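Notes follow once the structure below has been shown.
One-based numbering, in listed order, for ligands and for the atoms of each. The structure displayed is predicted, hence computed values, not measured ones. When a residue number appears, it is its place in the shown sequence, counting from 1.
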Amino acid sequence: MATLLKAAPISQQIVDDLTEECSNLKKKGCTPNLKVILVGEHPPSVIYTRNKKKFMENIGAECEIIKLPQDVKEDEFLKIINELSEDAKVHGLFVQLPLPKHLDHIDVGQLVPPQKDVDGFHAQNLYQLMKGDKGDKALLPCTPKGIMSMLDYADIDLNGKNVVVIGRSMIVGKPLSLLMTNANATVTLCHSRTKGLKKETQKADIIVAAIGKAKFIDSSFLSPQKDQVLIDVGINHDENGKLCGDINEEDVSQSCALLTPVPGGVGKMTIVSLGQNLVAAAKRQMEN
Ligand code: NAD
């Protein structure tokens, strides 16, 4: 039976550390301050931003959600981002996606200056990641960073391991492949055009599923000879409307060594990483 690697104890430890760091920064006159730009009333975005604000306030940081109307003019939207980018009291800034159609062409990752880019999508942060940075200089994308924290907590050393990452998105698969490469894993990045996916996953020590297809990975993707570690990034709903990941937890639980659950796994770590990025951004801006 697989061990479940849950986020709760890991996130609690990080929350405690962040609370202490915020308190120390406040004593030095710097309260980490995050601004979130929310355009329109897209229901999941309203929930995500509310959760992020609650998390930041819980660790002692400040967070304001700046709500803009769905039909906000492009000029006005850009003006607000520019003002916040230049405001020395603001340490972190991001635009909650998706944006309405008329703003969709804007590459928001490039609008926010790299030192305030707590989402970790600015070209300069991604370049540092390509160069081998593990978060000392760059602000790292939150979901990949959260996965690395989970592996670290579970004492899983990536050095020399064969990892298969399924999914090549900019927010998960690609940056995670780089982070794992920087940690000396041998990474195979698979996607919808990969031929012989099962052959790849059966050779892996660690499999990361970031596909967006409910319960796609079952025991037929695994090797009975290996103690494989399975990281489930997917957030989907099954045929009964129940939240589930990309991995069929019930089916694989007898066939792998360790598994992250959905819910209660990677999803919870993404917001924790955002908190870590905000505190790191505030510290670095205070020191410069
Ligand atoms: P995406 O839609 O941008 O990318 C999906 C990837 O899966 C693509 O690269 C595609 O090539 C690959 N894929 C699709 N079908 C495949 C197949 N049959 N075989 C192999 N590869 C296939 O998705 P994303 O934004 O990276 O998100 C992936 C999943 O992770 C979604 O369920 C999303 O909701 C979830 N997610 C979770 C978090 C979190 O915090 N836990 C964060 C981001 C995304």
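- Close approach of ligand 1 to Asn236 is summarised as follows: ligand atoms under 4.0 Å from at least one heavy atom of the residue are 32 (O).
- Environment of CD in Glu57: crowded, with over 12 heavy atoms of neighbouring residues, nucleotides or ligands closer than 6.0 Å.
- With Glu74 as the partner, the side chain to side chain donor-acceptor pair (under 3.5 Å) test is satisfied by one option alone out of His102, His105, Lys79: His105.
- Counting protein heavy atoms only, atom 40 (O) of ligand 1 is closest to Thr270 OG1, 2.7 Å.
- The single protein non-hydrogen atom nearest to atom 2 (O) of ligand 1 is Ile211 O, 4.5 Å, given as residue, atom name and distance.
- Regarding atom 44 (C) of ligand 1, its nearest protein heavy-atom neighbour is Val172 CG2, 4.0 Å.
- Closest to atom 8 (C) of ligand 1 among all protein heavy atoms lies Arg168 N, 4.0 Å.
- Residue contact annotation: Thr143 has a non-hydrogen atom under 4.0 Å from ligand 1.
- Within 6.0 Å of atom CD in Gln285, more than 12 heavy atoms from other residues, nucleotides or ligands are found, so the atom counts as buried in its surroundings.
- The residues Asp75 and Lys73 are annotated as not salt-bridged, no charged nitrogen and carboxylate oxygen being separated by less than 4.0 angstrom.
- The residue from Val233, Thr260, Val262 that puts a heavy atom closest to atom 36 (N) of ligand 1 is Val233.
- Residue Ala210 places a heavy atom under 4.0 Å from ligand 1.
- Shortest contact from atom 26 (O) of ligand 1 to any protein heavy atom: Ser169 OG, 2.6 Å.
- Contact detail for Leu222 and Cys256: the closest heavy-atom pair is CD1-CB, 4.2 Å.
- Less than 4.0 angstrom separates some heavy atom of Ile166 from each of these atoms of ligand 1: 20 (C), 21 (N).
- Taking atom 25 (O) of ligand 1 as the reference point, the nearest protein heavy-atom neighbour is Ile171 CD1, 3.5 Å.
- In this structure, Phe221 has its ring center under 6.0 Å from that of Phe216.
- Across all non-hydrogen atoms, the minimal contact from Leu111 to Ile106 is CD1-CG2, 3.5 Å.
- Taking all atoms of both residues into account, the shortest heavy-atom contact from Ile171 to Pro144 is O-CD, 3.3 Å.
- Here the heavy atom of the protein found nearest to atom 11 (O) of ligand 1 is Ser192 N, 3.0 Å.
- With a 4.0 Å heavy-atom cut-off, ligand 1 is reached by the side chain of Lys213 but not by its N, CA, C or O.
- Some N or O of Ile235 is nearer than 3.5 Å to an N or O of ligand 1, by distance alone.
- Ranking protein heavy atoms by distance to atom 18 (N) of ligand 1, first place goes to Phe216 CZ, 3.4 Å.
- Atom numbering of ligand 1 starts at 1 in the shown order; those under 4.0 Å from a heavy atom of Gly267 are 39 (C), 40 (O), 41 (N).
- Under a 4.0 Å N-O distance rule, the pair Lys283/Glu287 does not qualify as a salt bridge.
- Under a cut-off of 6.0 angstrom, the local environment of NZ in Lys6 is sparse, with at most 12 non-hydrogen atoms contributed by other residues, nucleotides or ligands.
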